[in-house]
Trainee: 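Okay, handing you the structure first.
Values below: all heavy atoms of this structure, side chains included; hydrogens, waters and symmetry mates excluded. Atoms within each ligand, like the ligands themselves, are counted from 1 in listed order.
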Amino acid sequence: MSPPLKLYNTLTRTKDIFAPLDPKNLRMYVCGPTVYDYAHIGNARPIIVFDVLYRLLRHIYGEKHVRYVRNITDVDDKINARAAEQGISIRELTEKTNEVFQADVKALGCLEPTVQPRATEHIAEMIAIITRLIESGHAYAADGHVLFDVPSMKDYGRLSRRSLDEMLAGARVDVAPYKRGDMDFVLWKPSKENEPGWDSPWGRGRPGWHIECSAMSWKHLGETFDIHGGGIDLVFPHHENEIAQSRCAFHTGVMANVWMHNGFLQVEGEKMSKSLGNFVTIHELLHTEKFGGRKWPGEVLRLAMLRTHYRQPIDWTVKALEEAEKTLIRWQKYVVRNEVVVVHEPFLESLADDLNTSDAIAEMHKLTSVGVIAGFSMSGHAKFATPEAIMESAGRLRFCLQILGLESIADRAWNVTTVGNEVSAKIEAHITARNAARSAKNWAESDRIRDELLAMGVALKDNKDGTTTWEVRR
Ligand code: AMP
Ligand code: ZN
């Protein structure tokens, strides 16, 4: 039985035992990308973190019982501006950007969410929510706009724990003549002829950003659901406003029970920004030599991201990527020895503690200290654990890799030239030692070496011509 899952909830500022609304239909929403430009490596953090949570939830509650929704924001003023700049249509830009995003996150080992709704396909739901808000006195139409009336919601600000005065001081509030209160935010705004727009009771217009997530989560997860995630910068105003819209439209006490936020990523100790020249996209890391002078496999990026607990800030460095790669190479050598998957409780316990991937990875290191191929010795007297123990921990490692979304390293070809040669030299050395044992008619030793190799996934074949060849069994 898995340990109880505990999650830190931004709403309560406490780490609590997670209790799903319906364990047969667990529902999680994560704010997805605005598809106007390539996703940067900071954007990859929530994608990877919540993918691990998704995998863990599927393990605990069963694959069929978890619904994960991550939206695609394909209507936004940044999109309009970028399309105009590039002289292409909005549709062309969003399609192209989304294609790259999907390829990026696939390379990072992320599962496809259950649904990836697009904002432009949920305009009717947005209009329905806005209509309800107007009817219940939480929103008003003015000058082609519809605004959410912030003072109409008594506990607005509960997630970010700021008072209205603090929020006013902290936020860049747009002052506009059609607003009743300074904090009121846009639900709907009018579109000019050349801007994307949809017919609505308030004229041709387009939605504000926050209403998009309220509409898509409602459509695909219902009025209330279990978990809502995103980066820490989204707490205010985005998530605060999503909560205001959904709760006031549906008259509910919460929008989601648990609100989870990942910490920020910086690059080599500095805030990532275009002006500092340290801005790097997922695409560039995977396919160009911009960062550290080389391309990086998706698994390396993923492990480097998971070494740090998701709520801590993370420093993205070449050194961390190199270390992650070394670890993966070691794990790969180990895991090819067993195709069987064995549940590893200590690893699950770490993950169940608010997704502590850093502790979970430490548990994986412990597993691979049970005899490694690098421990081969020419003398044949290396201190190995029993083949059974090695097989067992390889099976456990395979389980951990699956939950972390790193299972693809078992079949990765990227270390064949560097590690392959090293490993094959060691296997050859074992074969030489076995041949020596056979010449001395020491059959027990000869069998021992053969079994030891087999336990590592290396099968020997004694050929008629007296030679011995080997192959890796997966
Ligand atoms: P945006 O495109 O800015 O809306 O960001 C998409 C997602 O990436 C949101 O969940 C953000 O919180 C997250 N995000 C953006 N920048 C970073 C960063 N530097 N570190 C971690 N998460 C980030
Ligand atoms: Zn959102």
Side-chain angles (χ1 to χ4, degrees), residues 10 28-51 53 68-79 81-82 94 97-98 100-101 104-105 108 110 113 115-119 122 125-126 129 159-160 185 187 207-221 225 227-246 255-256 259-276 278-282 285 301-302 304-306 308-317:
T10 309
M28 172 165 84
Y29 185 93
V30 173
C31 299
T34 302
V35 283
Y36 72 103
D37 205 348
Y38 287 14
H40 61 65
I41 191 61
N43 300 141
R45 195 170 190 196
I47 303 289
I48 293 173
V49 162
F50 291 104
D51 180 68
L53 180 59
Y68 173 27
V69 177
R70 188 182 65 216
N71 73 290
I72 294 161
T73 294
D74 60 351
V75 46
D76 186 280
D77 289 354
K78 288 194 284 266
I79 296 175
R82 184 61 59 89
T94 56
T97 314
N98 183 42
V100 176
F101 175 75
D104 284 351
V105 300
L108 292 175
C110 297
V115 194
Q116 295 198 68
R118 287 159 189 254
H122 295 75
E125 286 79 5
M126 297 177 208
I129 296 180
L159 180 73
S160 53
F185 58 88
L187 300 171
W209 172 34
H210 317 304
I211 195 71
E212 299 181 7
C213 287
S214 284
M216 287 182 272
S217 59
W218 175 41
K219 170 81 182 283
H220 298 282
L221 299 177
F225 49 95
I227 301 172
H228 193 312
I232 190 81
D233 59 320
L234 297 188
V235 171
F236 183 81
H238 184 54
H239 289 167
E240 200 73 78
N241 292 351
E242 279 188 34
I243 291 174
Q245 296 159 164
S246 296
M255 177 186 186
W259 288 79
M260 294 177 67
H261 295 97
N262 64 269
F264 247 48
L265 172 147
Q266 52 174 19
V267 176
E268 305 280 1
E270 283 183 311
K271 184 176 187 295
M272 178 166 60
S273 81
K274 288 212 165 121
S275 59
L276 287 173
N278 64 359
F279 185 94
V280 62
T281 63
I282 306 170
L285 284 158
L301 306 179
R302 187 170 173 106
M305 198 67 92
L306 295 173
T308 306
H309 185 260
Y310 77 92
R311 284 198 285 127
Q312 302 296 322
I314 190 170
D315 195 17
W316 192 255
T317 63

Trainee: Ignoring hydrogens and geometry, is there a side-chain-to-backbone donor-acceptor pair from Gln245 to Ile129 under 3.5 Å?
Mentor: no

Trainee: Nearest protein heavy-atom contact for atom 13 (C) of ligand 1: which residue, which atom, what distance?
Mentor: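 For atom 13 (C) of ligand 1, the nearest protein heavy atom is Pro46 CG, 3.8 Å.
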
Trainee: Heavy-atom distance under 4.5 Å between the side chains of Lys219 and Val69, does that happen here?
Mentor: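 Lys219 does not reach Val69 side chain to side chain.
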
Trainee: Regarding His238, does it place an N, O or S atom less than 2.8 Å from the Zn ion (ligand 2)?
Mentor: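 For His238, the answer is yes, given that an N, O or S atom comes within less than 2.8 Å of the Zn ion (ligand 2).
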
Trainee: Does some non-hydrogen atom of the protein lie less than 4.0 angstrom from atom 8 (O) of ligand 1?
Mentor: yes

Trainee: As an exercise, identify every atom of ligand 1 less than 4.0 angstrom from a heavy atom of Asn262.
Mentor: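 In order of number, 21 (C), 22 (N).
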
Trainee: Between Ile282 and Tyr38, is there a side-chain heavy-atom distance shorter than 4.5 Å?
Mentor: no

Trainee: Counting only heavy atoms, which portion of His40 has something under 4.0 Å from ligand 1: side chain, backbone, both, or neither?
Mentor: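 His40 to ligand 1: side-chain contact only, backbone stays beyond 4.0 Å.
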
Trainee: Ligand 1 versus Leu234, non-hydrogen atoms closer than 4.0 Å: side chain, backbone, both, neither?
Mentor: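 Just the side chain.
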
Trainee: For the residue pair Met28 and Met260, establish whether any side-chain heavy-atom pair is separated by less than 4.5 Å.
Mentor: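 SC-SC contact between Met28 and Met260 ruled out.
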
Trainee: Do ligand 1 and Asn43 have nitrogen or oxygen atoms that lie under 3.5 Å from each other?
Mentor: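 In this structure, Asn43 places an N or O atom under 3.5 Å from an N or O of ligand 1.
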
Trainee: Is any side-chain heavy atom of His228 closer than 4.5 Å to a side-chain heavy atom of Ile243?
Mentor: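 No, their side chains stay 4.5 Å or more apart.
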
Trainee: Determine whether the side chains of Asn71 and Tyr29 contain a donor N or O and an acceptor N or O closer than 3.5 Å.
Mentor: yes

Trainee: Counting backbone and side chain alike, does His239 bring an N/O/S atom below 2.8 Å of the Zn ion (ligand 2)?
Mentor: no

Trainee: Tell me which N, O or S atom of Glu242 sits nearest to the Zn ion (ligand 2).
Mentor: OE2

Trainee: Taking only heavy atoms of Leu265 into account, list the atoms of ligand 1 that are under 4.0 Å away from them.
Mentor: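 Those atoms are 18 (C), 19 (N), 20 (N), 21 (C).
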
Trainee: Quick one: does Pro207's side chain get under 4.5 Å of His122's, heavy atoms only?
Mentor: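 Of all side-chain heavy-atom pairs linking His122 with Pro207, none is under 4.5 Å.
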
Trainee: Does ligand 1 come near enough to Asp233 that some N or O of the ligand is less than 3.5 Å from an N or O of the residue?
Mentor: yes

Trainee: Which of these, Gly231, Gly42, Pro33, Cys31, has its nearest heavy atom closest to atom 22 (N) of ligand 1?
Mentor: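 Closest candidate by heavy-atom distance is Gly42.
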
Trainee: Give me the ring orientation class for His40 and Phe279: parallel if the planes are under 30° apart, tilted from 30 to 60°, perpendicular past 60°.
Mentor: perpendicular

Trainee: Is there side-chain contact between Ile227 and Leu53, with at least one heavy-atom pair below 4.5 Å?
Mentor: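 Yes, close enough: below the 4.5 Å cut-off.
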
Trainee: I'd like to check which ligand 1 atoms, numbered from 1 as shown, lie under 4.0 Å from a non-hydrogen atom of Gly263.
Mentor: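 Reading through ligand 1 atom by atom, the close ones are 21 (C).
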
Trainee: Atom 17 (C) of ligand 1: which protein heavy atom is closest, and how many Å away?
Mentor: Phe264 CZ, 3.4 Å

